[in-house]
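First the structure, in the form of structure tokens, and then the observations on it.
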2 protein chains.
Amino acid sequence: MTKSPETSKKTSYHHGDLRAQLVEATRQLVEEKGADHFSVSEACRRAGVSTAAPYKHFKDKEEMLNQVILEGMHRKQQQMQDELAKYPDGGIDRIIALGRVYVRFAEQEPGVFRLMFGLTEDHENEDQLVAEGKRTFGAVQAEVARYRGSEVVEDQDIDRAFMLWSFVHGLSFLQIDGKVSTVDVSVDMEHILREIAERVMA
Amino acid sequence: MTKSPETSKKTSYHHGDLRAQLVEATRQLVEEKGADHFSVSEACRRAGVSTAAPYKHFKDKEEMLNQVILEGMHRKQQQMQDELAKYPDGGIDRIIALGRVYVRFAEQEPGVFRLMFGLTEDHENEDQLVAEGKRTFGAVQAEVARYRGSEVVEDQDIDRAFMLWSFVHGLSFLQIDGKVSTVDVSVDMEHILREIAERVMA
DNA sequence: TACATATGTAAGAGGTGCTAACTTTTACAG
DNA sequence: CTGTAAAAGTTAGCACCTCTTACATATGTA
């Protein structure tokens with residue numbers, strides 16, 4: 001099936017890897033109009049192909065969106081890794097770094113972020129997506145345990161990890177949905193992330 | 001079909017207050033299918049009127065949804081008041097109570113909750129909605145200040161109120177979007193609400 | 001040449017929000 | 001008990017968009 005890396009332009013027949021182009025168009029549209037106002041037809045227009053073309057690469061609309069989710073998760077995981085690498089083992093700065101990546105991702109890709117969480121039904125039955133989600137949350141748990149000086153995740157770590165998750169998750173949504181501004185709060189993101197981390201890890 | 005004679009509403013013409021019936025149908029549909037898959041036509045079918053009828057009562061689709069939001073906010077505010085009344089002044093139980101109402105509302109009316117926050121564009125320009133939002137957040141700030149023993153809201157209170165908000169907001173979304181279950185965490189809501197309140201107010 | 005893959009054409013079947021114009025019901029003044 | 005005007009509904013229709021498929025065609029490989 002997939003025989004060549006996507007970096008080369010002449011790897012395919014008519015287009016240069018239409019599948020990737022469609023995913024990219026989908027991602028852009030999700031950002032611009034939201035996942036619920038995304039339409040296959042429009043992605044086709046943007047990719048410069050007929051409305052029938054996607055169905056040789058994807059089962060249906062949902063599969064296109066799922067691909068966008070998956071790639072988004074991978075980007076986020078990569079960012080987490082990159083950010084973690086800047087800080088020494090076991091420090092609270094690493095906890096903060098994870099939160100920063102979370103919120104920053106939401107700010108930079110609010111459409112994909114919203115798509116990843118919630119609204120668009122299923123997801124629970126998409127094994128691959130669930131697996132990636134678990135993997136990410138597992139990484140947070142491990143980091144929390146390591147802050148405690150342990151390599152083994154215990155119940156208290158899971159609790160703390162979940163609190164951190166709730167926090168940054170809410171923070172992200174309030175931020176991208178503009179609720180912060182309607183209520184006249186000026187958010188110093190670095191400050192609040194540190195506050196949160198310290199209070200949860202205490 | 002399903003025409004149960006209304007309880008003596010003499011101020012109505014054909015139906016017993018079609019406006020209210022349409023809002024109720026809209027609310028139900030928002031719960032069942034999400035705000036983005038709500039259609040005026042379907043609300044009409046459910047209310048048993050023609051598709052043109054709503055336009056005698058609402059400017060457009062958005063105005064119908066906004067009414068659902070507004071009534072949702074009022075319900076939530078009422079619940080906050082009711083719950084607060086159970087606890088003595090200045091205790092942390094009052095802070096916890098506010099969080100409980102927030103999460104419980106999300107669980108009971110996830111569709112309306114999602115509609116209230118995010119996705120559906122504007123809102124920022126809907127003066128009435130913004131005002132109600134401010135009012136609610138102001139109540140939380142006041143409660144935080146009172147925990148400190150003060151009647152005057154200071155910056156530190158706003159910070160704490162915002163942290164609490166982020167927390168319960170994220171918690172609510174993770175809960176209703178089913179992310180909790182996919183990650184194998186069992187949430188004791190009362191426990192986590194108390195943990196959060198204590199850590200933020202410390 | 002034969003073949004497989006990738007795309008295009010065209011259409012089916014359905015849905016949407018909203019408006020114009022018409023009809024029925026109600027409220028109220030005299 | 002009327003006459004009238006407004007309110008609250010209905011019918012019909014415009015203009016548009018959607019996802020998906022069956023079939024035809026173009027392109028590259030062997």
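Just so we're on the same page: letters track the sequence lines, and every chain starts at 1. Every heavy atom of this structure was used, including side-chain atoms; hydrogens, water molecules and symmetry mates were not. Remember, it's a predicted structure, so these values are computed and weren't measured experimentally.
Using five terminal pairs a side, the axes of the helix from C:dT1-D:dA30 to C:dG30-D:dC1 at its two ends make an angle of 10°, given in steps of 10 degrees.
Taking atom CD of B:E63 as the reference point, atom P of C:dG17 lies 15 Å away to the nearest angstrom. For the pair B:K33 NZ and C:dG15 P, the computed distance is 10 Å after rounding to whole Å. If you measure from atom CG of B:L18 to atom C1' of C:dT26, you get 16 Å, rounded to the nearest angstrom.
In summary, the side chains of B:Q81 and B:Q77 do not present any donor paired with an acceptor at a separation below 3.5 Å, with no hydrogens or angles considered. Counted by atom type alone, B:E71 and B:Q67 present one or more donor-acceptor pairs between their side chains at under 3.5 Å.
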Heavy-atom protein contacts under 4.0 Å, nucleotides 13-23 of chain D, coded B base, S sugar-phosphate only, - none: -----SSBBB-

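Counting non-hydrogen atoms of other residues, nucleotides and ligands closer than 6.0 Å to CD of A:E63 gives a total above 12. Enclosure of atom CG in A:D188 by more than 12 non-hydrogen atoms of other residues, nucleotides or ligands within 6.0 angstrom is indicated.
Nucleic acid contact for B:A53: base, since at least one base atom lies under 4.0 Å from a heavy atom of the residue.
A:K86 meets the salt bridge (Lys or Arg N to Asp or Glu O under 4.0 Å) test with A:E83; sequence neighbours excluded.
The CD atom of B:E107 sits 4.5 Å away from atom CD of B:Q175, with the distance rounded to the nearest 0.5 Å.
Side-chain N/O atoms of B:H57 include one lying less than 4.0 angstrom from OP1 or OP2 on D:dG9.
Closest approach of B:A197 and B:L164 over heavy atoms only: CA-CD2, 4.2 Å.
Separation of the A:Y102 and A:F167 ring centroids does not fall under the 6.0 Å cut-off.
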